[in-house]
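Have a look at the structure below, then the notes.
The analysis underlying the following values was restricted to heavy atoms, covering all of them including side chains, and did not include hydrogens, waters or symmetry mates. All values reported here derive from a predicted model rather than from experimental measurement. In what follows, chains are A, B, ... by sequence order, proteins preceding strands, each numbered from 1.
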Amino acid sequence: MFPILSKEPLSPTITRFVIYAPYIAKKRQAGNFVIVRVIETGERIPLTIAEGDPEEGSITLIVQAVGKTTKLLCSMGVGDHLVDVVGPLGNPTEIVRDSVVACIGGGVGTAELYPITRALREHGNKIYTIIGARSRDLIILESEMSACSDYLFLTTDDGSYKRKGLVTHQLKDLLDAQVEFDAVYAIGPLPMMKAVSQVTQHYGIKTYVSLNAVMVDGTGMCGGCRVSVNGTMKFACVDGPEFDGHKVDFDELIKRNRTYGDFERESDRRYCETHTWERQEVVK
Amino acid sequence: MSLLNPLKPSERMKVPRQESIEQPASERKENFLEVSFGLNEERARVEATRCLECKNPVCTEGCPVGIDIRSFIQAILQKDYVGAVKKIREANYLPAICGRVCPQEEQCEAVCTLGKKNPAVAIGKLERFVADYEMENGLFTVPEIAVRREGKIAIVGSGPAGLTCAAELAKLGYNITIFEALHAVGGVLRYGIPEFRLPRKILDLETERIKALGVEIITNFVVGRTATIDEFFGEWGFNAVFLGTGAGTPHFMGIPGESASGVYSANEFLTRVNLMKAYKFPEYDTPIRVGKRVAVIGGGNTAMDAVRTAKRLGAEKAYLVYRRSKKEMPARVEEIHHAEQEGIEFLLMTNPVRILTDANNWVVGMECQRMELGEPDDSGRRRPMPIPDSNFVINVETVIEAVGQAPNPIIQSTTPGLNIGKKGTVVTDDAQRTSREGIFAGGDLSRGGATVILAMRDGKRAASAIHEFLSTKRTNHEEDSPLYTNPYCQYIS
Ligand SMILES: Cc1cc2nc3c(=O)[nH]c(=O)nc-3n(C[C@H](O)[C@H](O)[C@H](O)COP(=O)(O)OP(=O)(O)OC[C@H]3O[C@@H](n4cnc5c(N)ncnc54)[C@H](O)[C@@H]3O)c2cc1C
Ligand SMILES: Cc1cc2nc3c(=O)[nH]c(=O)nc-3n(C[C@H](O)[C@H](O)[C@H](O)COP(=O)(O)OP(=O)(O)OC[C@H]3O[C@@H](n4cnc5c(N)ncnc54)[C@H](O)[C@@H]3O)c2cc1C
Ligand code: SF4
Ligand code: SF4
Ligand code: FES
């Protein structure tokens, strides 16, 4: 049993949880994730470890409510517990040193990017961070990201906050302004990571992306998370989740991730029929 | 001749082998209830009278864990079913499981003296009968642990190898902790073998019996990630480690189209159904996509389980595609027979070459090639060769690959000094010792894919080796050796 120690809304659909998981807290590194099962009848879903506190024995998860499992989780609070949390899984991020890097986060991907950005900061890098979201209320971790970046840029699709446009527009502008990046770390929706990889490929900049394949065990046992990288089959949970963005077959993964679309909608519909699910108020 | 058996040996040979009572194929292909109900008491007693009570009971030699089969059958004749199961448990702590899934026809029953001219004694069914009798009547008693020994042992993986090693060492009085990566105990017994062959209730009860020996089980713990083996020896204070992590990483054929939606490894398909209970969606959240027409590739137990599961989940057509003939199938004879009864269509001498997909990357068919058997290969089996221009397409929506698996590399890659074999297995000697002192291994991890009973034999052997290792260490050192008192000490070699 893994008790929830604290809970804080970050956006109308994104919530930060601190969970008691002492072994994981001790071992986790930037880029690792956990597999969580919320209730006995629940699904196993992967969530990135945003932070860890070995002293307190806790880990931080930042969760966007998108479907049944994440909505259920976001409806839970202090005193509740998750039935299973296993990790830390996946390879830790390759952290470059003393370089100029761009950290690009889209939507809840910013939560996954946050521990990496912090680690990059600790390794003497100069960091340009770009955070994008559909609209203002979906921008998360602005102050946290600002604290570990040298420059922070924000974009919204609808222009409701800071720059109107996509993260790739901001990236292109920086490249046009002759910023010479040694590496780019991009985490967000697949189309966003694909677009970033296309831009950086043109400039020959090493680009790390984190692939959100559908997972079950997260330990290399089912092969459900397989992705094509450089034409060969990889298991995102054990060979990744980060890969060279220039070698990933994004289109294939985008299609594969639709495998259970109708089931997901069915689960979500049933959940929303019997539970009141409300977007949460956030004081920013 | 024994006084227990009223029949003369010549009469015993005339008694027909007693068959299990089974759920009719027409009913069972729609449910997940157990296929075989086993022998009832009457049939079990008749079956027991068939045993010739050989002076040289070769059956015991045929059993990988050396169960005293003659004695337990004698106990059945005396109606002492609890005595029978106690006898079995001396050699095999999980009789209700082995009685169900052991390939008896290749082991104890293959060598049974009666079997030379007549059908062999149904040893596996008798084993299951007494185990079920004990379970149904709540007659299990925890074996007494005579001595408590110092020494903390970590068992990694809760499959049959790990469970057996844990039980044996616990009976010897050691302090045992099992670490399991998944959220539930049992390894393949939990996530692979379906409910209709091994009901979860039985697995749960057998697990409770392991716990009753004082064994602690920690789930959700991936050794190599949550903590490493070296940390086990260091800050965790373990004195020995047994690795029983199995061979869980699935192979794929490497043919075009494998990334499509609708292609599963048998592991994923079975895990979703067995571990995650996807067949109860939406009561359980995990989805599974079965489709109306399913092809399972392979000829082993895994393939058989996957195809029979697909049928139960509503597939109208369930094909089993195998590139050799039925004779070469590695699956248990009983399972092949059950699959045929349930209406599984066997496409033999057939090899898939390509999975066909539509524009959205969904499976729409599978292109196959007919095969013929050529010269024997290194393994002595005749090598299947493609027949030119024999390609044909089957219309399927789901493809499940059961074409073998390899050990998961997480532990091997995080434990320096472990000798690794060609196929990713951990190399051990006959006593299950690895190249690193204090680390033992067995089951599918050291064998590649094998069987439940061989995993158990390895677990038992490793338990003796660990016992010897810890006892000789002990005699080599003073009573107050830091090995036993300081939980932070490293191994002293
Ligand atoms: C390595 C990794 C790290 C992740 N980290 C985070 C994080 O820190 N915060 C966060 O909010 N989300 C994260 N995700 C995504 C998160 O796992 C999904 O949002 C979640 O599984 C959705 O489940 P659901 O039942 O709420 O929604 P559903 O309606 O079931 O699914 C919505 C979408 O989520 C994806 N998804 C569904 N089931 C799974 C599954 N078992 N495994 C992976 N993806 C699935 C699918 O693309 C699906 O279309 C991560 C995913 C991966 C692979
Ligand atoms: C579908 C299927 C059907 C089968 N049918 C039969 C049959 O009818 N009869 C028969 O005799 N054999 C059968 N087999 C083979 C048999 O199940 C295996 O040989 C046997 O289970 C091997 O046991 P094991 O203990 O070595 O490993 P496993 O049963 O594979 O158990 C290994 C356990 O270790 C855990 N683990 C792995 N890595 C780690 C880690 N790093 N940290 C912690 N835990 C870890 C796994 O989660 C798993 O629970 C079948 C196999 C399959 C897949
Ligand atoms: S464990 Fe297997 S081989 Fe041994 S007696 Fe039982 S069925 Fe036969
Ligand atoms: S070999 Fe067969 S007949 Fe002989 S004791 Fe064993 S089970 Fe009985
Ligand atoms: S999630 Fe099962 S292999 Fe990656």
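- Heavy atoms closer than 4.5 Å to chain B are found in both the backbone and the side chain of A:K255.
- With a 4.5 angstrom heavy-atom cutoff, A:V34 does not touch chain B via any of its atoms.
- To the nearest 0.5 Å, the span separating CD1 on A:I4 from NE2 on A:H81 amounts to 9.0 Å.
- Residues A:D262 and B:R289 are paired through a salt bridge, judged by an N-O separation under 4.0 Å between the basic side chain and the carboxylate.
- Looking at B:A406, neither its backbone nor its side chain comes within 4.5 Å of chain A, counting heavy atoms on both sides.
- The parts of A:R256 that come within reach of chain B are both its backbone and its side chain, each placing non-hydrogen atoms under 4.5 angstrom from that chain.
- Inter-residue side-chain proximity for B:I410 and B:R225 is flagged as met; some heavy-atom pair is nearer than 4.5 Å.
- Proximity of the aromatic rings of A:Y20 and A:F2 is defined here by a centroid distance below 6.0 angstrom, and this criterion is not met.
- For B:A278, no part lies under 4.5 angstrom from a heavy atom of chain A.
- Ion pairing of B:K211 with B:E208 is present here, as a side-chain N (NZ or NE/NH1/NH2) and a carboxylate O approach within less than 4.0 Å.
- Contact annotation for A:V238: both backbone and side-chain heavy atoms come within less than 4.5 Å of a heavy atom of chain B.
- Among B:E283, B:E231, B:R272, the residue with the largest count of heavy-atom pairs under 4.5 Å with chain A is B:R272.
- Both the backbone and the side chain of B:P250 come within less than 4.5 Å of a heavy atom in chain A.
- Chosen from B:N360, B:L270, B:L275, the residue pairing most often with chain A at heavy-atom distances under 4.5 Å is B:N360.
- When side chains are defined from C-beta on, A:I62 does not count as touching A:F17, because their heavy atoms never get closer than 4.5 Å.
- Each of A:M233, A:E266, A:E252, A:R37 has some count of heavy-atom pairs under 4.5 Å with chain B, and the biggest count is that of A:R37.
- Of the atoms belonging to A:E40, it is backbone heavy atoms, and not side-chain ones, that fall under 4.5 Å from chain B.
- Here B:S259 is the residue among B:A247, B:G248, B:S259 with the most heavy-atom pairs under 4.5 Å with chain A.
- B:P409 has its side chain within reach of B:T249: a pair of non-hydrogen atoms, C-beta onward, lies under 4.5 Å apart.
- Aromatic ring pairs are classed by plane angle as parallel below 30°, tilted from 30° to 60° and perpendicular above 60°; the pair A:Y260 and B:Y264 is tilted.
- Heavy atoms of A:V38 lying under 4.5 Å from chain B are absent altogether.
- Only the side chain of B:F252 comes within contact range of chain A, with heavy atoms under 4.5 Å apart.
- Ranked by heavy-atom pairs under 4.5 Å with chain B, the first of A:T41, A:V227, A:V86, A:I45 is A:T41.
- For the pair A:K247 and A:F243, the cation-pi criterion (under 6.0 Å, within 45° of the ring axis) is not fulfilled.
- Among B:T228, B:T219, B:T226, B:N361, the residue making the largest number of heavy-atom pairs under 4.5 Å with chain A is B:T226.
- Between B:F179 and B:F232, the distance from one ring center to the other falls under 6.0 angstrom.
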